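Letters go in sequence order (proteins before strands), and every chain restarts at 1. The shown structure was predicted, so the numbers you read here are calculated from the model rather than taken from an experiment.
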Amino acid sequence: MSPDDVVVRIAPSPTGSPHVGTAYIALFNLALRRKQGGRFILRIEDTDRSRSTKESEEQIYDAMEWLGIGFDESPRIGGPAGPYRQSERSETYRKFADDLVARGKAYLCFCTEKRIEELRVLQKKQELPIGYDGLCKSLSRAEIEANLEAGRPYVIRLLVDHESETVCHDFFRKRIAISNMQVDDQVLIKSDGFPTYHLANVVDDHLMGVTHVIRAEEWISSLPKHVILYGAFGWEPPVFAHMPLLRNKDKSKISKRKNPTSLVWFRDAGYLPEAMVNFLSLMGYSPPPRESCPEGNPEIFGFDEMVRDFDLSRVKTSGPIFDLEKLDNFNGVYIRKMTDEECVGRLLGFYAYLEAERGRLTAEIESELPAAAEMRTLDERRRALTRSTLEFIRKHRPSRERLVQMMGVLKERMKNFLEFADVAGFFFEDALSYDPGLLVPKKTNPADAAKVLRLAADRIESVGEFSLAKVEDGVRSLPDETGWKGRALFMAIRVAVTGSDVSPPLFESMEILGREKTVLRLRGAAGFLDGIAARSI
RNA sequence: GACCCCGUCGUCUAGGUCGGUCUAGGACCGCAGACUUUCGAUCUGCUAACAGGGGUUCAAAUCCCCUCGGGGUCGCCA
């Protein structure tokens with residue numbers, strides 16, 4: 001181990017969907033680890049046995065793997081400091097807690113949850129600082145024995161000297177001093193025998209040799225507790241670096257009511273992991289200015305590039321708002337960066353993922369929409385796109401060859417893979433349905449439009465070679481021949497061929513579609529117009 | 001409410017540690033134009049910020065203080 005080596009870690013708790021915040025923090029830990037050398041640990045903090053689930057733990061692994069965030073040690077990989085799942089380390093915590101009690105740094109507390117609750121209410125009413133009042137501190141040895149004998153449940157609390165103050169250090173903010181009046185006698189061991197986060201976290205970080213704790217800012221308020229704990233054990237605390245919190249639009253801490261926060265959501269929505277990583281890297285951080293940037297946009301860079309000149313001290317501590325619009329833009333940038341072949345490969349990979357998740361996704365689509373307006377709109381759209389994409393896959397089973405053919409014109413028309421089916425759909429459909437309002441330009445009538453469409457069909461059928469240039473040549477003289485304005489005429493053809501007034505370039509689309517289908521659609525649209533003309537007479 | 005953290009364009013940020021090179025730079029969004037007989041992409045241009053007030057100084061976005069604003073925490077959750 002070289003002197004620069006760091007040992008860093010993330011310690012998510014497997015409750016609910018894996019959170020963007022976890023990925024965000026993981027990225028900065030990994031960047032430091034890659035830059036300096038050392039070890040990156042994934043530790044599962046499942047000490048809340050009522051909320052932790054195995055599924056959630058699995059999702060954490062999947063999400064990290066998806067984002068390309070790799071670990072040196074984890075419950076799966078193992079390692080010298082294992083086990084890496086806190087639920088499997090109970091004896092260790094117990095031992096250290098007992099040691100603290102034996103040395104008078106912690107004490108047993110037999111107060112019931114009811115009493116604590118009443119205490120809280122009282123303190124709130126009298127506007128007193130909230131916290132344990134220390135009643136059980138003064139229990140005599142005999143009383144403790146008696147309580148134990150009677151089988152009364154108890155917790156172990158940290159003994160805090162409320163007279164003094166605790167000086168903490170944060171890598172970014174430097175000195176943070178807090179009067180111990182503000183520090184509660186924190187529960188270390190819960191009555192179920194499991195440790196609280198605070199104990200387990202400190203013990204594990206020490207035992208695992210963690211040198212740098214890079215975590216979210218919300219932990220600053222419990223920093224003193226942790227520092228006191230390190231002191232009680234007689235251990236050297238690691239370097240603490242508290243990253244800013246990701247925010248909702250209204251600046252509050254990012255939450256699932258107001259923002260997509262689940263990494264699974266982003267994956268489902270067709271976001272690229274490299275775009276996510278790049279975007280997240282820019283939250284609270286900016287790389288040192290570079291002489292030149294290959295992308296023309298200094299904010300677009302891969303993780304390797306970030307690592308190359310990573311500097312933790314460049315982190316900014318003000319809370320960044322998670323801006324989906326910018327993420328969308330980044331995702332589009334990464335899609336366009338790929339070659340057509342790559343892009344198709346990735347799209348197919350995404351489709352395989354959707355297929356594998358079909359059960360879960362369809363169930364999700366059927367489930368109730370999020371209540372909060374912010375998320376509802378967003379997820380409504382995501383669900384609609386998921387539904388049509390799932391249909392698209394099942395119905396058309398698009399082949400790689402086919403996809404590569406059309407990717408050139410489609411790549412730049414989607415911000416994420418979930419939008420692909422919508423923009424590409426017309427290439428695959430057999431019969432298009434038409435909006436007469438679009439098919440018949442203003443100041444013309446259905447009968448005339450049908451005539452023009454047939455003329456176009458004839459022309460395309462008769463050009464010798466079905467190529468972009470030849471077809472364009474053949475159709476270009478049509479405005480003169482018909483007296484129609486070019487704009488109107490091409491729009492009518494566009495609608496006839498693609499079914500929409502918004503589409504990829506007309507002649508490229510025809511080329512991809514092929515002569516036969518193009519002509520068929522033109523005539524089909526003309527036939528459709530005949531029906532309307534007949535009815536209106 | 002108490003304690004703690006934070007405060008440059010609407011958003012992400014550069015610059016702040018070494019005060020002058022900042023009439024504050026870039027990115028996203030927005031707007032306009034070009035190109036595309038559509039949309040998008042692309043290119044060009046534009047709009048837009050040092051929270052406010054006091055100091056210190058020849059000189060402050062940059063240092064100090066106050067105010068205001070925002071956020072976090074206050075659980076036998078993490």
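- Counting any heavy atom pair closer than 4.0 Å across all strands shown, A:Pro505 reaches a base atom.
- Contacts of A:Thr47 with the nucleic acid, taken as non-hydrogen atoms under 4.0 Å apart, involve only primed sugar atoms and P, OP1 or OP2.
- With both ends at atom C1', the span from B:U56 to B:G69 equals 26 Å, rounded to whole Å.
- Nucleotide B:C74 has B:G1 as its partner under the Watson-Crick or G-U criteria, with both atom distances under 3.5 Å.
- Using a 4.0 Å heavy-atom criterion, one finds that A:Pro504 contacts the bases of the nucleic acid, with or without backbone contacts as well.
- In this structure, A:Lys485 and A:Thr317 both approach RNA chain B, and ranking their closest nucleotides by distance from the 5' end singles out A:Thr317.
- At the heavy-atom level, A:Glu325 lies under 4.0 Å from the strands shown only through sugar-phosphate atoms.
- Of the residues near RNA chain B, A:Tyr24 and A:Glu472, the one whose nearest nucleotide (by heavy atom distance) lies more toward the 5' end is A:Tyr24.
- Not a single donor-acceptor pair, N or O on each side, falls under 3.5 Å between the base of B:C6 and the side chain of A:Ser318.
- For B:A14, the OP1/OP2 oxygens have a side-chain nitrogen or oxygen of A:Ser286 closer than 4.0 Å.
- When the nucleotides B:G72, B:U38, B:U42 are ranked by their closest atom to the side chain of A:Met491, B:U38 comes out on top.
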- [ ] Walk me through it: do A:Glu342 and A:Arg346 pass the test salt bridge (charged side-chain N to carboxylate O under 4.0 Å, His left out)?
- [x] CA-CA 6 Å; A:Glu342 273 174 338; A:Arg346 296 288 295 270; over 6 Å; no
TODO: Assess whether side chain to side chain donor-acceptor pair (under 3.5 Å) is satisfied between A:Arg43 and A:Ser74, documenting all intermediate values.
DONE: CA-CA 6 Å; A:Arg43 186 173 68 222; A:Ser74 79; over 6 Å; no
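- The A:Arg413 side chain lies nearest to B:C39 when the options are B:U11, B:C12, B:C39.
- Ring-plane geometry between A:Phe266 and A:Tyr271 is classed as perpendicular, the angle between the planes exceeding 60 degrees on a 0 to 90 degree scale with a lower cut at 30.
- A donor-acceptor pair is defined here as one N or O able to donate and one able to accept, closer than 3.5 Å; such a pair exists between the side chain of A:Thr444 and the backbone of A:Pro441.
- When each of B:G71, B:A78, B:G75 is scored by its nearest atom to the side-chain atoms of A:Lys251, the top-ranked nucleotide is B:G71.
- Relative to the side chain of A:Asp323, the nucleotides B:U11, B:U73, B:A78 differ in distance, and B:U11 lies closest.
- The side chain of A:Arg494 contributes no N or O atom lying less than 4.0 Å from OP1 or OP2 of B:U37.
- Look at CZ on A:Arg120: it is 10 Å from P on B:C74, rounded to the nearest Å.
- Within the 4.0 Å cut-off from OP1 or OP2 of B:C6, not a single side-chain nitrogen or oxygen of A:Lys316 is found.
- As judged by a 4.0 angstrom heavy-atom cut-off over every strand, A:Val187 is placed among residues touching the sugar-phosphate backbone only.
- Between A:Asp48 and A:Arg51, at least one side-chain N (NZ, or NE/NH1/NH2) sits under 4.0 Å from a carboxylate O, which counts as a salt bridge.
- Taking the centre and axis of the six-membered ring of A:Tyr132, the NZ or CZ atom of A:Arg157 falls inside the cone set by 45° and 6.0 Å.
- The aromatic rings of A:Tyr285 and A:Phe28 sit perpendicular, their planes meeting at an angle over 60°, well past the 30° parallel limit.
- Ion pairing of A:Glu88 with A:Arg85 is present here, as a side-chain N (NZ or NE/NH1/NH2) and a carboxylate O approach within less than 4.0 Å.
- When distances are taken from the side chain of A:Lys253 to each of B:C76, B:U73, B:C28, the shortest belongs to B:U73.
- In this structure, B:C31 forms a base pair with B:G45, meeting either the Watson-Crick or the G-U wobble geometry with both donor-acceptor distances under 3.5 Å.
- Listed candidates were B:C6, B:C4, B:C39. Nearest to the side chain of A:Ile220 is B:C4.
- In this structure, the CZ atom of A:Phe172 is 15 Å from the C1' atom of B:U17, given to the nearest Å.
- Within 4.0 Å of A:Cys111, counting heavy atoms only, lies at least one base atom of the nucleic acid.
- When both pairing distances are held under 3.5 Å, B:A51 makes a Watson-Crick or G-U pair with B:U67.
- Closest to the side chain of A:Arg336, out of B:U42, B:C76, B:A78, is B:U42.
- At distances below 3.5 Å, not a single donor-acceptor pair connects side-chain atoms of A:Ser13 with backbone N or O atoms of A:Thr15.
- Using C1' as the reference atom, B:U8 and B:G45 are 24 Å apart when rounded to the nearest Å.
- Between A:Lys415 and B:C29 there is no side-chain N or O to OP1 or OP2 distance below 4.0 Å.
- Within 4.0 Å of A:Asp501, counting heavy atoms only, lies at least one base atom of the nucleic acid.
- Atom NZ of A:Lys337 and atom P of B:U42 are 13 Å apart (whole Å).
- We find that A:Glu57 and A:Lys54 are joined by a salt bridge, their nearest charged nitrogen and carboxylate oxygen being less than 4.0 Å apart.
- For B:A34 and B:U17, the P atoms lie 46 Å apart once the distance is rounded to whole Å.
- The listed nucleotides are B:U37, B:U38, B:C4; the one nearest the side chain of A:Ile176 is B:C4.
- As judged by a 4.0 angstrom heavy-atom cut-off over every strand, A:Glu45 is placed among residues touching the sugar-phosphate backbone only.
- The phosphate of B:G15 has OP1 or OP2 within less than 4.0 Å of a side-chain N or O from A:Arg314.
- Distance noted for atom P between B:C50 and B:A61: 11 Å (whole Å).
- When the C1' atom is used for both B:C31 and B:C5, the distance is 37 Å, rounded to whole Å.
- The separation between A:Gln86 atom CD and B:C76 atom C1' is 15 Å, rounded to whole Å.
- Within the shown strands, nothing qualifies as a pairing partner of B:C39 under the Watson-Crick or G-U definition with both distances less than 3.5 Å.
- Rounded to an integer number of Å, the gap from CZ of A:Arg487 to C1' of B:C39 is 11 Å.
- The base of B:A27 sits with one of its N or O atoms less than 3.5 Å from a complementary donor or acceptor on the side chain of A:Lys326.
- Distance from the side chain of A:Pro320 is smallest for B:C12 among the nucleotides B:C77, B:C12, B:U38.
- A donor N or O paired with an acceptor N or O is not found under 3.5 Å between the base of B:G71 and the side-chain atoms of A:Glu217.
- Residue A:Asn329 places at least one side-chain N or O closer than 4.0 Å to OP1 or OP2 of B:C29.
- A:Phe279 places its CZ atom 12 Å from the P atom of B:C29, with the value rounded to the nearest Å.
- Among the protein residues, A:Ser191 comes within range of the nucleic acid bases, having at least one heavy atom under 4.0 Å from a base atom.
- Residue A:Met181 is classed as having no contact, given no heavy-atom separation below 4.0 Å to the nucleic acid.
- Donor-acceptor pairing under 3.5 Å, judged by distance alone, is absent between the side chain of A:Arg173 and the base of B:C5.
- Between A:Arg247 and B:G72, a side-chain N or O to OP1/OP2 separation shorter than 4.0 Å is absent.
- Following rounding to the nearest Å, A:Ile321 (CD1) and B:C9 (P) show an atom-to-atom distance of 11 Å.
- Here the separation of B:G16 from B:G20, taken at their P atoms, is 8 Å to the nearest Å.
- For the P atoms, the distance from B:U11 to B:G71 is 14 Å, rounded to whole Å.
- Distance check on atom C1': B:C39 versus B:C77 gives 49 Å, rounded to whole Å.
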